[in-house]
Every structure is written in C-alpha cells, then in structure tokens.
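Letters go in sequence order (proteins before strands), and every chain restarts at 1.
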Protein chains: 2
Amino acid sequence: MVVMRIGRIPKQKRLLELANEIEHNPFITDEQLTKKFNVSIQTIRLDRMELGIPELRERIKLMAEKSYDKVVSLQIDEVIGEVVDLQLDKSAISIFEINEEHVFAKTKIARGHHIFSQGNSLAIAVIDDEVALTASADIRFVRSVKLGEKCIAKAYVRNDSLNRDKVNVDVFTYVGNELVFEGNFVIFRSDHKK
Amino acid sequence: MVVMRIGRIPKQKRLLELANEIEHNPFITDEQLTKKFNVSIQTIRLDRMELGIPELRERIKLMAEKSYDKVVSLQIDEVIGEVVDLQLDKSAISIFEINEEHVFAKTKIARGHHIFSQGNSLAIAVIDDEVALTASADIRFVRSVKLGEKCIAKAYVRNDSLNRDKVNVDVFTYVGNELVFEGNFVIFRSDHKK
DNA sequence: CCAAAAATTATTACCTGATACTAAAAGTAG
DNA sequence: CTACTTTTAGTATCAGGTAATAATTTTTGG
C-alpha cells in the first residue's frame, strides 16, 4: 500500500485541495498552482487529468457559455415558471419549482415575491393583448412554500368585468393539492383587438 | 474622400457588421471572421483594434468573470434593491434601478413583480426578527415604471397592530416624487425577541 | 536492505489564438 | 502621376496549455 511519510502532503489530500482550489478560483493557472502546492507543473497536470478538470482556457470557456445561455434564456422567461396550459382570455396553468436561489438561506422557505411573480406573470400571459399591465392586486400567502416544492399556479380570467380595459384574473397556486397562494389581479389591457 | 468601388463591401460597413457579428457570437475566432468577410486576418485584427474589441480569449474571460460575480452577488441580494436607510421595526428605504432585464421587451415598461419584489423584500427587511414571512398583501400599481427609472421604496411599520405575531407594513414606491406603487403587507414574525 | 511499484520531475515537440512590428502591395482621389 | 488610405504578408513572440517519452526520486513490501 502507498502511504506517504512526513515532509509533503499526501497525494490524496493534495487532489482534494486542488479540486477545491480550482472550484473557488477557476481562473488560476497551472503555474500558479505549482507555487501553492510546491510540486512540479507536470504533477499538477497529472492531478488535473486524474480529477477530470479541464485546463484554464476550457474552464473559462465553459463558464462563459453557461452564462451566455443564461442571458438568452433570461429574455425568454416572459413567464416565471413553465406554462403547461394556456387558453387565452380564459385560463392558464404554470409550474414553478422552488430551488436554492428562491429561498431564505436560514429557513429554506421561499421568498414571497417569487410566488407572487409566478402568479403575476401568469395573469399577464393569459391576457390576449399586446400590452397588459398589472394595475393592482390583492394577495394572500396561505402557507409557506419550502425548497424543492413544485408550485402549480392556475389563473382564471373573470369575464364579469364591465370595463373592457380592466380584467380581473384570479390566481390560485398549489403544492400538491394544498393551496399556498391566492391572488386577485386587476390587469390593464391596451386595446382589445378581437 | 474614400469611396470604395464595387466588388468588396466598404470599410465602414464592414466595421459595423463585424461589431455586430461578434456581439451576437462572441465565440468566433479571427480566422472564422476572415472567411465571413473575405479579407485577410490582419484586416480583421486592425478592425478589432479600431473598434476596441478584445481578442476571443479576453472576450470569453470577461464573460466568465461577469457571470462569476453574478453568482456571488445573487446570494447577497437578501433585498431586491439597495437599502439606503434602515430603522428596524420602524422604517426603511431602498433604491432599485430598472434596467433591460426588468422590462417587457416591447414596451420597455417594468414587469410588475419586480416593483412588488422591491417592496416585499423591504417590508421583510424592516422587521427585526429571525423569521419574517409575508402573509398577505394588498397592492396597487399607480403608474407604470419605465426603463432607466429609479424606484425609491419607503416602508413604514404600523405599530397599531394588536397581534404581536402579525405586523402591518406600508410601502410606497416613488420615481422622483411621483407615487408609482403602494402596498400594505401583512408580515408574520416567528417570535419577537426584544 | 533491496528490488519493484508508485509518484514525481524533466524534456521535447507541438497546438491555438492571439500580439507586436515591419514592410510591401493594391486601390483611390485629385 | 503621386500622395494617401487600405489591405495583405511575413516574422518573431507569447500564454497556457496537450501529448508523449524518459529519467529520477520516493515509498514500501517482504
């Protein structure tokens, strides 16, 4: 068995530390790593091989590609959550999963505005109009939503409105069959073209 | 005056198209650009110089750094907007500037949920408690907010509440001295420790 | 203690996508 | 024709690597 003696840190430990170092500083070169670990550049490269960590240039390229995709997808998210059903001017359903970036670090409970955002953007999406803006809303958070839970929002357009420029949309959001949020949104529409 | 004859596109036009090409495909090499524009690689490089566009590797590095910063700052944003004044259990003020990612592409009007998010997170921040959650809210979007406008949200804790577990917070958001949003938030607090 | 195995270091050739610089050729205007 | 701009060509150099082969050092089993 291979057991390193004193004087230099053992290989296994170095591998762990190397992976860690690159993780939280992806912009470090092999050259700089040799100084950190007091080993030759070849050792660093063998280590990277073993760990399956690509070279600096590949790493930053991957990061850039990832963020580039994100920018594109950020412009796609006309709706917070994924619309699974849409009947214009009638009803709509969207699904939104709560993950780390949506919760309070301490409690792992979703921040209210994300739940609101899902409902609000669905209420906007269901309105078949060029320009639809939220005028006001009356909302209630029935119970808190936790990390990992899937929120299913259902929006219903109330057609009892007298005024054609204002539409009432009711939104109910569920986790499973438990109601977690409800809201009544008053939406302004620019001009109804149908 | 320099006016190019037929056969090749004029320099000024090429410069514009080059900037455009790199803008929406930052991962293109000078070599690939020579084929697109049918000029030598030196010309491409002179053009980049003139336009102040860095080389491929610099470009993707900048993108990666930007996204790396974003990941870090995403975890900092306990509050949407920048808190400029905070008197716990009394009042708070935050500033939030509307930029491209917050508006509808067509109209350049801010999506309602961002305005809501600023108000909601400020209402949470002003409550001096370990766990504070939004129970319900009654909100009104007074006028639409446009790209580039700075929203100043002011939150006031109403201390007329009988129930110590529920707190009412009023939020008024202004652009300049125009009211754009108002909301009354009912916040649940876990246990008041003072 | 000694030989085999493991780990590390050294060396060399090569790659991509550039910069920096010098020089020459081609096109264009007056 | 000539002054000027634009474009092309060529060379040297760089960073930050890959790939492969060999040599050296360290460790350990027995």
Side-chain angles (χ1 to χ4, degrees), chain A residues 1-69 71, chain B residues 1-69 71:
Chain A
M1 231 229 271
V2 181
V3 178
M4 280 265 179
R5 288 282 158 83
I6 44 160
R8 187 192 285 133
I9 66 164
K11 189 184 178 185
Q12 291 310 314
K13 201 184 170 193
R14 190 188 60 223
L15 287 177
L16 287 172
E17 284 180 24
L18 186 77
N20 210 292
E21 181 64 36
I22 295 174
E23 170 97 29
H24 85 263
N25 179 13
F27 299 95
I28 198 166
T29 65
D30 288 356
E31 178 111 35
Q32 291 171 300
L33 286 165
T34 64
K35 284 160 195 166
K36 283 235 170 191
F37 292 93
N38 279 308
V39 288
S40 72
I41 202 159
Q42 289 76 5
T43 301
I44 295 293
R45 285 168 183 170
L46 286 169
D47 286 359
R48 268 201 300 104
M49 288 274 179
E50 211 162 327
L51 293 163
I53 298 171
E55 61 164 298
L56 170 65
R57 284 164 178 172
E58 283 303 310
R59 292 197 299 268
I60 53 185
K61 195 179 173 188
L62 286 171
M63 290 175 68
E65 277 168 349
K66 221 164 116 187
S67 79
Y68 193 66
D69 289 348
V71 169
Chain B
M1 230 229 272
V2 181
V3 179
M4 280 267 179
R5 288 283 156 83
I6 43 159
R8 186 191 288 135
I9 65 165
K11 189 183 176 182
Q12 291 311 312
K13 201 184 169 196
R14 190 188 59 225
L15 286 177
L16 286 172
E17 285 180 24
L18 187 76
N20 211 291
E21 180 64 34
I22 294 174
E23 169 97 28
H24 85 264
N25 179 14
F27 298 95
I28 197 165
T29 64
D30 288 356
E31 178 111 36
Q32 291 172 300
L33 287 165
T34 63
K35 284 162 194 167
K36 282 234 172 193
F37 291 94
N38 278 310
V39 288
S40 72
I41 202 157
Q42 287 77 6
T43 302
I44 295 294
R45 284 167 182 170
L46 286 169
D47 285 359
R48 266 199 304 103
M49 288 272 180
E50 209 162 327
L51 293 164
I53 298 171
E55 61 162 298
L56 170 65
R57 285 164 176 172
E58 283 303 311
R59 291 197 302 267
I60 58 181
K61 195 180 174 185
L62 286 170
M63 289 174 69
E65 276 169 348
K66 220 165 117 188
S67 78
Y68 194 67
D69 289 349
V71 171

Open item on the list: Could you walk me through whether R48(B) and L56(B) satisfy the side-chain contact (heavy atoms from CB on, under 4.5 Å) test, starting with their C-alpha distance in whole Å, then the side-chain angles of each, then the deciding distance to 0.1 Å, before giving a yes or no?
Closed with: CA-CA 11 Å; R48(B) 266 199 304 103; L56(B) 170 65; over 6 Å; no

Open item on the list: Could you go through I60(B) and R57(A), starting from their C-alpha distance and side-chain angles, then the distance that decides it, and tell me whether this counts as side-chain contact (heavy atoms from CB on, under 4.5 Å)?
Closed with: CA-CA 9 Å; I60(B) 58 181; R57(A) 284 164 178 172; over 6 Å; no

- [ ] Go through the steps to decide whether V39(A) and K11(A) satisfy the test side-chain contact (heavy atoms from CB on, under 4.5 Å), and finish with yes or no.
- [x] CA-CA 11 Å; V39(A) 288; K11(A) 189 184 178 185; over 6 Å; no

Open item on the list: Working note: L62(B) + E65(B), criterion side-chain contact (heavy atoms from CB on, under 4.5 Å); need CA distance, chi angles, decisive distance, verdict.
Closed with: CA-CA 5 Å; L62(B) 286 170; E65(B) 276 169 348; 4.0 Å; yes

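For the pair L18(A) CG and dA7(C) C1', the computed distance is 15 Å after rounding to whole Å. Here dA19(D) presents its P atom at 11 Å from CD of E58(A), a figure rounded to the nearest Å. If you measure from atom CD1 of I44(A) to atom P of dT18(D), you get 12 Å, rounded to the nearest angstrom. Rounding to whole angstrom units, CZ of residue R59(B) and P of dT16(C) are separated by 18 Å. Rounded to an integer number of Å, the gap from M49(A) CE to dA7(C) C1' is 16 Å. The separation between K61(A) atom NZ and dA18(C) atom P is 11 Å, rounded to whole Å.
Side-chain contact between K36(B) and I44(B) is absent, with no heavy atoms from C-beta onward closer than 4.5 Å. Between Q12(B) and L15(B), the closest side-chain pair of non-hydrogen atoms falls below 4.5 Å. Using a 4.5 Å heavy-atom cutoff, the side chains of E55(A) and D30(A) are not in contact.
Among the protein residues, Q42(B) comes within range of the nucleic acid bases, having at least one heavy atom under 4.0 Å from a base atom. Contacts of I41(B) with the nucleic acid, taken as non-hydrogen atoms under 4.0 Å apart, are absent. Among the heavy atoms of the strands lying under 4.0 Å from R48(A) are primed sugar atoms or P, OP1, OP2 only; no base atom is included.
No more than 12 heavy atoms of other residues, nucleotides or ligands sit less than 6.0 Å from atom CD of E31(A). Other residues, nucleotides and ligands contribute over 12 non-hydrogen atoms within 6.0 Å of the CD atom of Q32(B).
Each end of the helix from dC1(C)-dG30(D) to dG30(C)-dC1(D) gets its own axis, taken as the rotation carrying the C1' atoms of four end pairs onto the next four within a five-pair window, and the two axes meet at 0° to the nearest 10 degrees.
Each of E55(B) and Q12(A) was matched to the nucleotide of DNA chain C holding its nearest heavy atom; the match closer to the 5' end belongs to Q12(A). Take the nearest nucleotide of DNA chain D for T43(B) and for P54(A): the residue whose nucleotide is more 5' is T43(B).
Contact check, R14(A) against dT8(C): a side-chain N or O comes under 4.0 Å of OP1 or OP2. Contact check, R45(A) against dT9(C): no side-chain N or O comes under 4.0 Å of OP1 or OP2.
One can find a donor-acceptor pair under 3.5 Å joining the base of dG16(D) and the side-chain atoms of R57(A).
DNA chain D lies under 4.0 Å from no heavy atom of any residue of residues 20-33 of chain B.
Relative to the side chain of L56(B), the nucleotides dG17(C), dG17(D), dA9(D) differ in distance, and dG17(C) lies closest. In this structure, of dT7(D), dA10(C), dA7(C), it is dT7(D) that holds the atom nearest to the side chain of L46(B).
Note: L51(A) CG to L46(A) CG = 11.0 Å, rounded to the nearest 0.5 Å.
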